[in-house]
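Heads up: numbering here begins at 1 and tracks the sequence. Remember, it's 1-based here, ligands and their atoms both numbered in the order they're listed.
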Amino acid sequence: MTTAIVYYSKHHGNTKKLLDAISSADDSVELIDVTEQPDADLSSFDRIGVASGIYFSAFAKQIIAFAESHLPENKDVFYIYTHGAPVGGFLKGIRAVAKKKNCREIGKFHCLGFDTFGPFGKIGGIAKGHPNEKDIAEAVEFYRAL
Ligand SMILES: Cc1cc2nc3c(=O)[nH]c(=O)nc-3n(C[C@H](O)[C@H](O)[C@H](O)COP(=O)(O)O)c2cc1C
């Protein structure tokens, strides 16, 4: 079973912290930063994780655009994301892309991520300390159970 996780994690590297822990638990996982490998070929992987911080209530536009052009058809996909606000329909856009490609959703994991965007920065940020050790351990657990 080969797994790639494509990601965009630029605000505080919150999402990347989860991915680094997953990659430490399973060193066969390939982590692909879409800003560094915009033409990555995912066709040889059995499972594709799509991971992002949440920007304006959605996965980063960079990862949505990457998925539109590079997510192969008929793959098993899972989602990992971090967000500053407690709730939101954050998966809508990325799910629509995966659906167009006839991909099967096999799981999702999300947790809070330190957020200093806009006015939150002025008050020292929200979701301070996240992802914390528990969040990270739960992300690894999620991955192992896929
Ligand atoms: C420009 C910008 C927009 C954001 N919009 C949202 C949002 O709509 N909802 C939310 O819950 N968090 C929002 N956040 C907070 C991020 O989702 C959160 O900090 C996340 O953990 C960032 O992940 P990263 O460090 O992996 O990029 C936003 C952050 C930035 C910088």
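Not counting sequence neighbours, the partners of Y81 by the ring-ring contact (aromatic ring centres under 6.0 Å, His included) test are F59, H83, H110. Residues passing the salt bridge (charged side-chain N to carboxylate O under 4.0 Å, His left out) test with K10 are D33, sequence neighbours excluded.
Contact shell of ligand 1 (protein heavy atoms, cutoff 4.0 Å): S9, K10, H11, H12, G13, N14, T15, G53, I54, Y55, F56, S57, T82, H83, G84, A85, F90, G113, F114, D115, F117.
Aromatic pair Y55/Y8: ring centres closer than 6.0 Å.
The shortest side-chain heavy-atom distance between K17 and H12 does not fall under the 4.5 Å cut-off. With contacts defined as side-chain heavy-atom distances shorter than 4.5 Å, the pair L18/I136 qualifies.
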Show me, pair by pair, the donor-acceptor contacts under 3.5 angstrom made by side chains of residues 118-131, not counting sequence neighbours?
unit_1, atom_1, unit_2, atom_2, d
H130, ND1, D135, OD2, 2.6

